[in-house]
2 protein chains.
Amino acid sequence: MPKLTQEAIEGNKEHIEEAAKKLFIKHGFHGTSMRLIAAQADVSLGNLYNYYKTKEDILESIINKYELIINTKLKEIFDDIEEPLLPNNLINFGKKVQILVAEHYEFWLLMYIDVLEFENRHCRKMFENLTEKLNKRFYNHFTELKDNKDINNNVDPAIGFTVVYLQFFNYFLIEKLFGGNNHLGINDDEAIVKISEIFSRAIFHPNALEKFSVNKQ
Amino acid sequence: MPKLTQEAIEGNKEHIEEAAKKLFIKHGFHGTSMRLIAAQADVSLGNLYNYYKTKEDILESIINKYELIINTKLKEIFDDIEEPLLPNNLINFGKKVQILVAEHYEFWLLMYIDVLEFENRHCRKMFENLTEKLNKRFYNHFTELKDNKDINNNVDPAIGFTVVYLQFFNYFLIEKLFGGNNHLGINDDEAIVKISEIFSRAIFHPNALEKFSVNKQ
DNA sequence: TTATAAAAAACGTTCGTTCGTTTTTATAAC
DNA sequence: GTTATAAAAACGAACGAACGTTTTTTATAA
């Protein structure tokens with residue numbers, strides 16, 4: 001048989017990893033056997049080792065690729081919103097986090113595997129210097145708000161945005177993976193609005209809030 | 001050999017579960033073998049089955065006991081603070097969450113195991129109707145604030161407190177388990193203050209904030 | 001002596017991985 | 001246009017080790 005093209009190899013790996021991912025997030029790393037992966041991917045047990053040296057290699061490849069996807073999605077979200085702190089944009093941002101978590105909650109399950117089995121070795125860079133990174137991305141937005149004295153005393157917009165960013169993720173992860181079941185006592189859409197309102201009040205000076213008020217929408 | 005007293009049995013189980021917990025949070029459920037647990041607890045493999053029917057029974061017992069501990073600790077924290085939303089009390093509350101996570105981060109690792117392997121069956125009740133529960137506990141405090149018109153328009157104090165409560169936990173879990181490494185760009189003590197300030201601004205009317213201002217401390 | 005705890009041995013499975021074999025197919029030879 | 005070749009891919013039996021659990025044996029103390 002002639003050598004497979006690089007694309008064919010990638011395609012086959014994609015197929016295997018799709019199957020393995022399903023099993024890993026259902027049974028954990030050690031709870032998933034190579035035989036199960038092979039069966040789920042409709043591939044022979046031995047052939048798996050033509051593509052991966054070890055079982056851990058499969059998990060690593062899955063996590064690395066998924067991290068790329070998530071980072072791309074996050075970049076897309078951030079590219080779409082130039083001034084995320086504005087109240088209406090905050091709501092839109094929340095909705096996008098909602099969609100991201102709904103479509104890719106599996107990534108966070110993989111992250112919990114990573115936390116449990118590898119001390120979050122693969123995913124920890126997502127949290128390092130988070131505020132600094134967000135500050136760089138929205139530097140113009142944040143400094144403009146500060147220069148205009150729109151921001152409350154003692155509140156750093158970069159920290160404020162990091163906090164609301166993490167809050168949205170945390171909210172939807174609790175709902176999706178931890179059995180929250182409308183844990184705030186309101187539905188998701190209302191929760192997005194409520195959380196946005198809370199942080200708008202937190203970040204903006206009352207006068208600025210007037211300026212950005214909802215009827216501007 | 002005479003029958004063990006109930007206390008002796010409980011003591012032995014405590015000893016075994018202490019060992020098993022260490023291993024579960026390090027290698028996950030399926031990554032931990034009964035032989036390893038026996039060795040770690042300095043007990044024979046067969047003897048484990050005099051105390052537990054299955055391996056899963058050990059995990060269940062650990063989680064159930066730990067959940068009791070955490071709920072007790074949370075109750076203690078809430079018993080200590082009658083008016084948690086007041087800015088200074090919010091900081092104190094943050095410090096207590098900091099200590100709780102530092103001393104019992106293992107519980108959240110067990111929760112991630114529960115999420116991955118059992119759909120959070122054991123721990124999900126911690127998140128159900130969270131706002132409602134907090135609202136009941138601090139009903140007097142919240143209604144007093146509302147009656148005094150200390151609260152910002154559209155902000156529900158129960159939801160606000162739930163959000164800051166989750167925010168503190170999320171912050172310290174990211175730091176402890178996810179490799180955050182001062183992810184807000186400031187140290188833990190500063191983070192507590194910053195998060196408290198953010199939520200004080202969010203929840204309280206500016207006039208009320210004056211009333212509760214820091215020089216009251 | 002006797003009931004029971006603890007230890008040890010054994011059971012049948014399943015694990016991750018290896019490896020010899022078979023199947024496949026682009027290409028060279030006719 | 002058919003066939004032979006050869007390299008690569010896919011397969012699946014087999015390996016030794018380890019798994020969770022059961023059964024048997026030994027030690028202990030009233």
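Since the model is a prediction, treat every value here as computed from it, not as a measurement.
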#### Entry: Ring centroid separation B:Phe29 to A:Phe29 under 6.0 Å
no
### Query
Is it true that B:Phe199 and A:Phe199 have ring centroids separated by less than 6.0 Å?
yes
### Query
A:Tyr52 near the nucleic acid: base, sugar-phosphate alone, or nothing, with a heavy-atom cut-off under 4.0 Å?
nothing
### Message
Regarding D:dA9, can its base be found pairing with the side chain of A:Asn47 as donor and acceptor, where the two atoms are less than 3.5 Å apart?
### Response
no
### Message
Applying salt bridge (Lys or Arg N to Asp or Glu O under 4.0 Å) as the test, list every pair that has at least one member in residues 174-195 of chain B; sequence neighbours left out.
### Response
B:Lys194-B:Glu197
### Task
Would you please indicate yes or no on a ring centroid separation below 6.0 angstrom for B:Tyr66 and B:His104?
yes
### Message
Centre-to-centre under 6.0 Å for B:Phe178 and B:His183, is that the case here?
### Response
no
### Query
Taking CG from B:Asp57 and P from D:dG20, how many angstroms apart are they, rounded to a whole number?
14 Å
### Task
For A:Arg201 and A:Ser196, indicate whether the former's side chain and the latter's backbone hold a donor-acceptor pair under 3.5 Å.
no
### Query
Under a cut-off of 3.5 Å for both distances of each Watson-Crick or G-U pair, what dot-bracket string does DNA chain D give, using [ ] for crossing pairs and | for inter-strand pairs?
||||||||||||||||||||||||||||||
#### Entry: side-chain hydrogen bond (donor to acceptor under 3.5 Å, both in side chains) partners of A:Asp79, counting only residues at least two apart
A:Lys75
### Message
Can a side-chain donor-acceptor contact be found between B:Glu17 and B:Tyr52 if the only test is distance below 3.5 angstrom?
### Response
yes
### Message
Check the phosphate of D:dA10 against A:Ser44, side-chain N and O only, distance under 4.0 Å to OP1 or OP2. Yes or no?
### Response
no
### Query
If only atom types and distance count, is the side chain of A:Thr32 paired as donor or acceptor with the main-chain N or O of A:Leu23 below 3.5 Å?
yes
### Task
Quick one: label A:Thr32 by what it contacts on the DNA or RNA (base, sugar-phosphate, nothing), any heavy atom closer than 4.0 Å.
sugar-phosphate
### Query
Expressed in angstrom and rounded to an integer, what is the separation of A:Asn50 atom CG from C:dC19 atom P?
13 Å
### Task
List in numerical order all residues of residues 7-23 of chain A for which some heavy atom is under 4.0 Å away from an atom belonging to DNA chain C.
none
### Query
So does B:Ser33 get a side-chain nitrogen or oxygen closer than 4.0 Å to the phosphate oxygens (OP1/OP2) of D:dC19?
yes
### Protein-nucleotide distance (B:His30, atom NE2; C:dT14, atom P), rounded to Å
13 Å
### Message
How would you summarise protein contacts on nucleotides 21-26 of chain D per nucleotide, using B for base, S for sugar-phosphate only and - for none, with heavy-atom distances below 4.0 Å?
### Response
BB----
### Query
So A:Phe142 and A:Phe138, would you call those rings parallel, tilted or perpendicular, with 30° and 60° as cut-offs?
tilted
### Query
Could you give all pairs that pass the salt bridge (Lys or Arg N to Asp or Glu O under 4.0 Å) test and reach residues 130-140 of chain A, with sequence neighbours left out?
A:Glu82-A:Arg137, A:Glu132-A:Lys136
### Query
Whole-Å distance between D:dA9 P and A:Gln6 CD?
11 Å
### Message
Measure CG/A:Leu36 against P/D:dC19 and give the value in whole Å, please.
### Response
18 Å
